[in-house]
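This one's a predicted model, so the numbers in the text were calculated from it and none came from an experiment. Atoms within each ligand, like the ligands themselves, are counted from 1 in listed order. The figures here come from the full heavy-atom set of this structure, side chains too, leaving out hydrogens, waters and symmetry mates.
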Amino acid sequence: MEKINIAVDGFSSCGKSTIAKGLAKELGYTYIDSGAMYRAIALFAYRNGWMTDTDINEAELQQHVSEIEISFKANAQGQQVTYLNGENVEKEIRSLEIGNMASRVSTLGFVRRELVRQQQAMGKRKGVVMDGRDIGTVVFPDAELKIFLTASPQVRAQRRFDELQAKGIAVSYEDTLANVRERDERDTTRAESPLRKAEDAIELDNSRITIDEQLQWAIDMFNKITKKNE
Ligand code: DC
């Protein structure tokens, strides 16, 4: 059977990576976490002193953005690990600080253009499940299957809060909810590729369904689409 590309978009903490990874495993496809790429750029800018909590030296970052090469490799446990110019940065990019910086660098047009170029190259041979915010609208507008995930801000904040607690990071539920709302606002209102559902995407609100139910739903969608294309 010919391979297709699958786009999974949605708000932060919606469980995009869970469904995208599960689908990739089930189908034998490559999973690509596009958010990790924005996080790697933020780390690069931060390490070079071009980014602080309040400012970005856009001129320096723009001059050096084409020197940034991001790749993914599986570790011994089969989990995907992010590499920045050959260095494993998986742990560093997952901090809350880098997440917030990633949200800020992702508003810059030249950063988005460079990453979209790298993401499109990764999907050239198909067989990719990529999750993010603009995959169905900008990166793979021709993706055969587009999924748009939603869940209420309260459900997403609770999931994020549980995740952080499990990692031993002390935060309050109220602060987590405020952070979810802040990121939603930034992701949907930015001038460059704001988060929105592609017209041909299928929406799934996963506030009240289990991970297994979501995965089964996604596999059913995949089967329906690939059958139709046969
Ligand atoms: O999904 P995430 O939290 O790892 O993403 C980090 C930031 O990058 C997030 O604030 C939104 C941004 N992002 C984006 O603008 N476009 C993408 N395709 C993926 C992530």
May I ask you to identify, for [X], whether its side chain, its backbone, both or neither come under 4.0 Å of ligand 1 on a heavy-atom basis?
| X | value |
| --- | --- |
| Arg39 | side chain |
| Arg186 | neither |
| Arg190 | side chain |
| Asp33 | neither |
| Ser12 | neither |

Just checking, is any N or O donor in the side chain of [X] or [Y] under 3.5 Å from an acceptor N or O on the other one?
| X | Y | answer |
| --- | --- | --- |
| Thr210 | Asp212 | no |
| Gln118 | Glu114 | yes |
| Asp220 | Gln216 | yes |

Does ligand 1 have any atom that is closer than 4.0 Å to a heavy atom of Arg112?
-> yes
CD1 (Ile56) and CE (Met51) are apart, to the nearest 0.5 Å, by 4.0 Å
key: Identity of the nearest option to atom 1 (O) of ligand 1, non-hydrogen atoms only, from Arg160, Lys16, Arg133, Gln119   =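 Selected option, by shortest heavy-atom distance: Arg133.
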Heavy-atom proximity to atom 7 (C) of ligand 1 ranks first, among Ala36, Ala7, Ser13, Ala102, for Ala102
Checklist entry - Ignoring hydrogens and geometry, is there a side-chain-to-backbone donor-acceptor pair from Asn5 to Asp142 under 3.5 Å? => result no
- Message: If we ignore hydrogens and angles and just use 3.5 Å, is the side chain of Asp131 paired with the main-chain N or O of Val8 as donor and acceptor?
- Response: no
For atom 10 (O) of ligand 1, what's the nearest protein heavy atom and its distance?
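Residue, atom and distance for the closest contact: Ser103 CB, 3.2 Å.
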For Ser106, the ligand 1 atoms with a heavy-atom partner under 4.0 Å come out as 12 (C), 15 (O)
Only heavy atoms of Asp134, strictly under 4.0 Å: list the atoms of ligand 1 that pass.
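Checking each atom against Asp134, I get 16 (N), 17 (C), 18 (N).
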